[in-house]
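Below is one structure, written out as structure tokens; comments come after it.
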Amino acid sequence: MSTTVDNLKNGLKNGFATSASLIKTIVPFYIAVDYLNALHVTDVAGSFLSPLMGLFGLSGKMAIALISGYLVNLYAAIAVLVVLHPTWQQVTIVGLMSGIAHNLVVEGAILARLGANPIFVTLLRIAVSLVAGFVMHQMFVVIYGG
Amino acid sequence: MDSSILIHALYGSAKLSIKLILIIVPLTVAYEFLEKSAWFKKLLSALHLFLKPMGFSKDASVSMLVGILLGIAYGSGILISQLKKQQLSHSDILLTAIFLSMCHAIIEDTLVFVAIGANGIYIIIFRLIIAIGLATLFYRYLAQKVKKTT
């Protein structure tokens with residue numbers, strides 16, 4: 001029985017120590033992103049990017065959904081997207097693009113905590129997400145027509 | 001600054017912190033039991049069959065599985081507690097970061113978009129192909145770099 005108690009003790013100790021170190025990493029960035037979001041930074045950034053949305057088969061306003069996903073999280077992206085009456089292809093493309101790159105500030109901080117270069121990983125995620133969205137759009141055009 | 005924004009941010013981070021503790025602590029406890037159990041080595045070997053071609057060591061397999069299924073914060077929870085216990089290699093950490101940054105929490109992430117009309121199969125297949133492709137590429141690159149320096 002002593003191993004069960006030991007396992008429990010070690011697991012709890014490890015869990016709380018790990019949670020504490022993650023919380024310390026995440027919270028400052030979470031608060032910063034929440035502030036930016038409340039100040040409508042996503043709307044401004046989205047309006048700059050709207051002309052490019054045709055590359056991904058999206059309407060201009062859907063840029064705000066993408067930026068919200070990049071900066072905040074998937075739920076923020078969905079909240080914006082759903083009111084724009086997207087087709088299933090558009091939902092799938094936004095789902096893929098923001099699935100690859102989302103919550104970049106907070107997750108960048110976590111990756112840095114692990115010892116990866118956060119700027120490199122973040123730029124890589126954005127680049128891959130743009131390429132993937134473009135490729136999926138082309139594929140949908142071929143399979144289902146424009 | 002508007003104080004209601006600050007309250008909203010603090011409330012959100014308190015909620016997030018509690019959620020992290022509630023998920024990570026049971027995971028690390030479960031991991032502790034799993035690590036001591038007889039079939040842990042078998043499970044690792046099975047996982048490792050899939051991850052070996054991309055350059056992952058056996059030790060990294062568990063945090064990969066947790067990360068892919070649950071998410072990057074929870075996967076790195078296991079990873080951080082593993083880092084404290086035993087040294088994961090530098091290439092394990094980089095490869096895990098690359099793979100998981102492209103592909104994590106695939107169940108939750110996909111379902112939330114399926115709920116509003118997406119085709120989830122396309123999303124999962126694309127993300128897996130991208131993550132496997134990039135991890136393999138980086139592994140090849142790292143292996144070459146090591147060869148050159150030694």
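Given the structure is predicted, the values throughout are model-derived calculations rather than measurements. No hydrogens, no waters, no symmetry mates; every other heavy atom, side chains included, goes into these values.
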Can you tell me which portion of B:Phe138 sits under 4.5 Å from chain A's heavy atoms? Options are side chain, backbone, both or neither. side chain
Candidate pair B:Glu32 and A:Asn14, rule side chain to side chain contact (heavy atoms under 4.5 Å, CB included), full reasoning: CA-CA 9 Å; B:Glu32 201 72 33; A:Asn14 245 321; 4.0 Å; yes
Can you name the residues of residues 113-129 of chain A that have some heavy atom under 4.5 Å away from a heavy atom in chain B? A:Arg113, A:Leu114, A:Ala116, A:Phe120, A:Val121, A:Leu124, A:Arg125, A:Val128
Under a 4.5 Å side-chain heavy-atom rule over Ile, Leu, Val, Met, Phe, Trp and Tyr, are B:Leu137 and B:Met102 clustered together? yes
Side chain / backbone / both / neither for B:Ile98 at chain A, heavy atoms under 4.5 Å: side chain
Please round to the nearest 0.5 Å and tell me the distance separating atom CD1 of A:Ile31 and atom CD1 of B:Ile5. 12.5 Å
Grab the two heavy atoms, one from B:Ile123 and one from A:Met136, that are nearest each other, plus how far apart they are. N-CE, 4.3 Å
Side chain, backbone, both or neither: which part of B:Leu134 has an atom under 4.5 Å from a heavy atom of chain A? side chain
Hey, could you give me the NZ/OG distance between A:Lys24 and B:Ser17, rounded to the nearest 0.5 Å? 12.0 Å
Examine whether an atom of A:Phe16 lies under 4.5 Å from a heavy atom of chain B, and if so say whether it belongs to the side chain, the backbone or both; otherwise answer neither. both
Is a side-chain donor or acceptor of A:Thr92 paired with a backbone partner of B:Asn119 at a separation under 3.5 angstrom? yes
Hydrophobic clustering (ILVMFWY, side-chain heavy atoms < 4.5 Å, transitive) - are A:Leu58 and A:Tyr144 grouped together? yes
Give a yes or no on whether A:Val91 and B:Ile121 share a hydrophobic cluster (residues Ile, Leu, Val, Met, Phe, Trp, Tyr; joining criterion: side-chain heavy atoms under 4.5 Å apart). no
Residue A:Met139 versus chain B: region with a heavy atom under 4.5 Å: side chain
Pairs of heavy atoms under 4.5 Å with chain B: top-ranked of A:Tyr75, A:Trp88, A:Tyr30: A:Tyr30
In terms of heavy-atom proximity below 4.5 Å to chain A, should B:Ile130 be classed as side chain, backbone, both, or neither? side chain
Option in A:Leu81, A:Leu8, A:Thr18 with maximal non-hydrogen atom pairs under 4.5 Å from chain B: A:Thr18
Step by step, would you call A:Thr4 with B:Phe33 a side chain to side chain contact (heavy atoms under 4.5 Å, CB included)? CA-CA 8 Å; A:Thr4 307; B:Phe33 280 94; 3.8 Å; yes
If we only count heavy atoms from C-beta on, is the B:His104 to A:Glu107 side-chain gap below 4.5 Å? yes
As an exercise, state the distance from CZ of B:Arg127 to CD1 of A:Ile100, rounded to the nearest 0.5 Å. 6.5 Å
What heavy-atom pair brings A:Gly15 and B:Val25 nearest, and what distance separates the two atoms? C-CG2, 3.7 Å
Same apolar cluster (I L V M F W Y, side chains within < 4.5 Å links), A:Leu49/A:Met97: yes
For A:Ser98 and B:Phe113, which heavy atoms make the closest approach, and how far apart are they? OG-CZ, 3.4 Å
Portion of A:Val106 that has a non-hydrogen atom of chain B nearer than 4.5 angstrom: neither
Check each atom of B:Ile116 against the heavy atoms of chain A and say whether the ones under 4.5 Å are side chain, backbone, both or neither. both
Under 4.5 Å between any side-chain heavy atoms of A:Val135 and B:Phe126, yes or no? yes
Grab the two heavy atoms, one from B:Ala97 and one from A:Leu111, that are nearest each other, plus how far apart they are. CB-CD2, 3.8 Å
Tell me whether B:Lys52 at atom NZ has more than 12 heavy atoms from other residues, nucleotides or ligands lying less than 6.0 Å away. no
Test item: B:Tyr122 and A:Ile93 side chains (from C-beta on) under 4.5 Å apart, heavy atoms: no
Options A:Ala132, A:Pro86, A:Ala32, A:Gly99, ranked by heavy-atom pairs under 4.5 Å with chain B, top entry: A:Gly99
Please classify the contact of A:Ile110 with chain B as side chain, backbone, both or neither, using a heavy-atom distance under 4.5 Å. side chain
Taking atom CG of B:Leu16 and atom CG of A:Asn73, what is their separation to the nearest 0.5 Å? 9.5 Å
A:Asp34 side chain near B:His8 side chain, heavy-atom distance below 4.5 Å: yes
I'd like to know which of A:Ser19, A:Ala77, A:Ala17 tops the heavy-atom pair count under 4.5 Å against chain B. A:Ser19
Kindly work out whether a path of hydrophobic side-chain contacts (I/L/V/M/F/W/Y, heavy atoms less than 4.5 Å apart) joins B:Ile18 to A:Leu12. no
Any idea which of B:Leu20, B:Ile106, B:Leu94, B:Val112 has the most non-hydrogen atom pairs under 4.5 angstrom with chain A? B:Val112
Counting heavy-atom pairs under 4.5 Å to chain B, which of A:Val27, A:Val94, A:Ile78 comes out on top? A:Ile78
Do you know which of B:Ile129, B:Leu10, B:Thr28, B:Ile124 has the most heavy-atom pairs under 4.5 Å to chain A? B:Thr28
